[in-house]
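Working notes for the structure below.
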Amino acid sequence: MGRITREQYEYARERIEELLPVVDGYDVKDKAAVELSVLSDIVIEYEKEYFPIEKPTVGELIADGLVEKSMTQKDLAERLGVSPSRVSDFVSGKSEPSLKQARILCQTLGIQPAVLLGI
């Protein structure tokens, strides 16, 4: 796919909104479904280039996990067997957990190991 212009991107987004209510599934014989698929690819490519989503840091993952699980840094520190200031260092990005600590973090906060490793 060549370079996508802002105008093409905007047209694709508008047309997708028109097509979504009328397309039900994907059928290569349905011109609207094929058009929707092509336009979706255009939007995805444009957004990858101009609006990339950065992967969260280890600290952000831990902070979000604590909120999700309604835990404090002190609660997590007890599970990890470290001081609360050590957990604070993880959250602030001053240090990273060891592999053993990362495993416990994943289990405790429900973080997928691949996400924590940035894969």
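Taking the side chain as every heavy atom from C-beta outward, Leu76 and Leu105 approach each other to under 4.5 Å. A heavy-atom distance below 4.5 Å is not found between the side chains of Asp64 and Pro56. Using a 4.5 Å heavy-atom cutoff, the side chains of Leu66 and Gln73 are in contact. Taking the side chain as every heavy atom from C-beta outward, Val87 and Lys74 never approach each other to under 4.5 Å. No side-chain heavy atom of Gln101 sits under 4.5 Å from any side-chain heavy atom of Glu96. The side-chain heavy atoms of Glu68 and Leu109, taken from C-beta on, include no pair separated by under 4.5 Å. Between Ile44 and Lys48, some side-chain heavy-atom pair lies under the 4.5 Å cut-off.
Here the OG1-CG distance, from Thr108 to Leu80, works out to 6.5 Å after rounding to the nearest 0.5 Å. Residue Lys55 holds its NZ atom at 10.5 Å from CG of Leu117, rounded to the nearest 0.5 Å. Note that CG of Leu116 is 6.5 Å distant from CD1 of Ile62, once rounded to the nearest 0.5 Å. Residue Arg13 holds its CZ atom at 15.0 Å from CD of Gln8, rounded to the nearest 0.5 Å. Atoms CZ and OG, on Arg103 and Ser98 in that order, are 9.0 Å from each other to the nearest 0.5 Å.
Neither Phe51 nor Ile53 shares a network with the other; the hydrophobic side chains, linked directly or stepwise wherever heavy atoms of I, L, V, M, F, W or Y lie under 4.5 Å apart, form separate groups for each. A continuous path of hydrophobic side-chain contacts links Tyr50 to Ile16 [ILVMFWY only; heavy atoms under 4.5 Å]. Two different hydrophobic clusters hold Met71 and Val67 under the rule that ILVMFWY side chains link at heavy-atom gaps under 4.5 Å.
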Where do Tyr11 and Ile42 land on the side chain to side chain contact (heavy atoms under 4.5 Å, CB included) test, with the steps shown first? CA-CA 10 Å; Tyr11 172 81; Ile42 289 170; over 6 Å; no

Starting from the C-alpha separation in whole Å, work towards a yes-or-no answer on side chain to side chain contact (heavy atoms under 4.5 Å, CB included) for Leu39 and Val43. CA-CA 6 Å; Leu39 292 172; Val43 169; 5.7 Å; no

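Proximity of a side-chain donor or acceptor of Asp89 to a complementary backbone N or O of Arg86 within less than 3.5 Å is not detected. Judged by distance alone, with hydrogens and angles left aside, the side-chain atoms of Glu60 form a donor-acceptor pair with the main-chain N or O of Thr57 at under 3.5 Å. Looking at Ser92, its side chain does come within 3.5 Å of a backbone N or O of Ser88 through a donor-acceptor pair.
What you find for Cys106 and Pro113 is that their closest heavy atoms are SG-CA, 3.7 Å. Summarising the geometry of Ala102 relative to Pro97, their closest heavy-atom pair is N-CB, 4.1 Å, with the distance given to 0.1 Å.
Using cut-offs of 30° and 60° for the angle between ring planes, the Tyr9 and Tyr46 rings count as parallel.
Shown here is Arg15, whose CZ atom has more than 12 heavy atoms of other residues, nucleotides or ligands within 6.0 Å.
Ion pairing between Glu10 and Arg6 holds under the 4.0 Å rule for side-chain N and carboxylate O.
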